[in-house]
Number of protein chains: 2
Amino acid sequence: MRIGTRGRYALTIMFYLASNYSKERYVSLKEISDNEGLSFKYLEKIMVDLNKDNYLDVQRGNNGGYRLKKEPKDYSIGEILRKVEGDLSPVDCINKGCSRGKKCMSYPFFEGLNNEINSFVDNKTLADYI
Amino acid sequence: MRIGTRGRYALTIMFYLASNYSKERYVSLKEISDNEGLSFKYLEKIMVDLNKDNYLDVQRGNNGGYRLKKEPKDYSIGEILRKVEGDLSPVDCINKGCSRGKKCMSYPFFEGLNNEINSFVDNKTLADYI
DNA sequence: TGTATTCCTACCAAAAAGGTAGTATAATAC
DNA sequence: GTATTATACTACCTTTTTGGTAGGAATACA
């Protein structure tokens, strides 16, 4: 039941971008890592996943960096976490199927928990916490 | 966001004990590991945590084993999982406190998620799934 | 006293988490 | 057109966690 540094830092980055959301400016990872006291190199690696499918606007070079592509209210927390942490289900059998068949009493519980978690994170957006 | 084998096997054990709940009989770990196809030695180790604070009735020796001490409806899933997996909060800052102070926008989200998860698992009991 | 059981301690291998390091590539300012 | 400031890519590495195995001691009962 854990969200690791990848998920936490990804949220830190996204909240930073959301707080500084302006079509006029790109925010560099250096600025974020300096302000938040996080490893620049590690954030760079997290960005590889976070920016899959062109999730953000990017600009290289001088005054470059990252910028939200949509409004904060259009970025769900669930989507962000999944980008960097992978699937959020509490156990594998939710996606890969249960090998124990009908007799498994745990499965319905895990399904319920899975729904609870995912519907919560998918219904929250960056805008809800700024 | 993971429940590992410890948590899953602990539930398997508890559902097994609940399904075979009778004051007349103790269920041995051997019987459970055989029926469920799990490592006896590994289950033994899980029992060390699962039975902390005399959570179950135990009897050593011939025809010994484990037995529920209370009725299935009085064992919450949350309690069981916490015994073997430790705290269920998605991030450490929930219990150890947030080091980022008031500016942390992630914290309220994590608090919400933590409440969601814990109230779900604490309101479900073994009896709900038998 | 033999057998079936839990209890306790120690060890161990594989995987995941949490990074660091170096270089290539691109965009812009001058 | 070149120096500077960014991201992008590739490789490596250490520590912690996970998921076990192994062996013997203690206990209860037949």
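All chains are named by letter (A, B, ...) in the order of the sequence lines, taking the proteins before the strands, and each is independently numbered beginning at 1.
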Legend entry - Separation of dA16(C) P from I3(A) CD1 (nearest whole Å): 19 Å
Legend entry - Length of the line joining R6(B):CZ and dA15(C):P, which is rounded to integer Å: 20 Å
Legend entry - dG18(C) base / K45(A) side chain donor-acceptor hit below 3.5 Å: no
Legend entry - 5' priority, DNA chain C, between V48(B) and Y42(A) [closest heavy atom]: V48(B)
Legend entry - Nearest listed nucleotide, side chain of K41(A), among dT23(C), dT5(C), dT25(C): dT23(C)
Legend entry - Selected nucleotide, minimal atom distance to E44(B) side chain, candidates dA8(D), dC29(D), dT6(C): dT6(C)
Legend entry - Under 3.5 Å donor-acceptor pair, R60(A) side-chain atoms to dT25(C) base atoms: yes
Inset, instruction - Consider the side chain of S39(A), meaning its heavy atoms from C-beta on, and name the nucleotide among dT7(D), dT6(C), dT20(C) that approaches it most closely. - result: dT20(C)
Legend entry - Under-4.0 Å side-chain N/O to phosphate OP1/OP2 contact, T5(B) with dG19(D): yes
Legend entry - Out of dT28(C), dG20(D), dA28(D), whichever nucleotide has its closest atom nearest the side chain of Q59(A): dT28(C)
Inset, instruction - Round to a whole Å and report the spacing from CZ of R2(B) to P of dA15(C). - result: 16 Å
Legend entry - N-O pairing of K124(B) and E116(A) below 4.0 Å: no
Legend entry - Closest listed nucleotide, where the reference is the side chain of S28(A) and the choices are dT7(D), dG19(D), dC29(D): dT7(D)
Legend entry - M47(B) or N62(B), whichever maps to the more 5' nucleotide of DNA chain C: N62(B)
Inset, instruction - Would you indicate, yes or no, if dC7(C) has its OP1 or OP2 atom less than 4.0 angstrom from a side-chain nitrogen or oxygen of Y66(B)? - result: yes
Inset, instruction - Check whether NZ of the Lys or CZ of the Arg K30(A) lies under 6.0 Å from the centre of the six-membered ring of F40(A) and within 45 degrees of that ring's axis. - result: no
Inset, instruction - Ignoring hydrogens and angles, tell me if any N or O in the side chain of Y26(B) forms a donor-acceptor pair with the backbone of D57(B) under 3.5 Å. - result: no
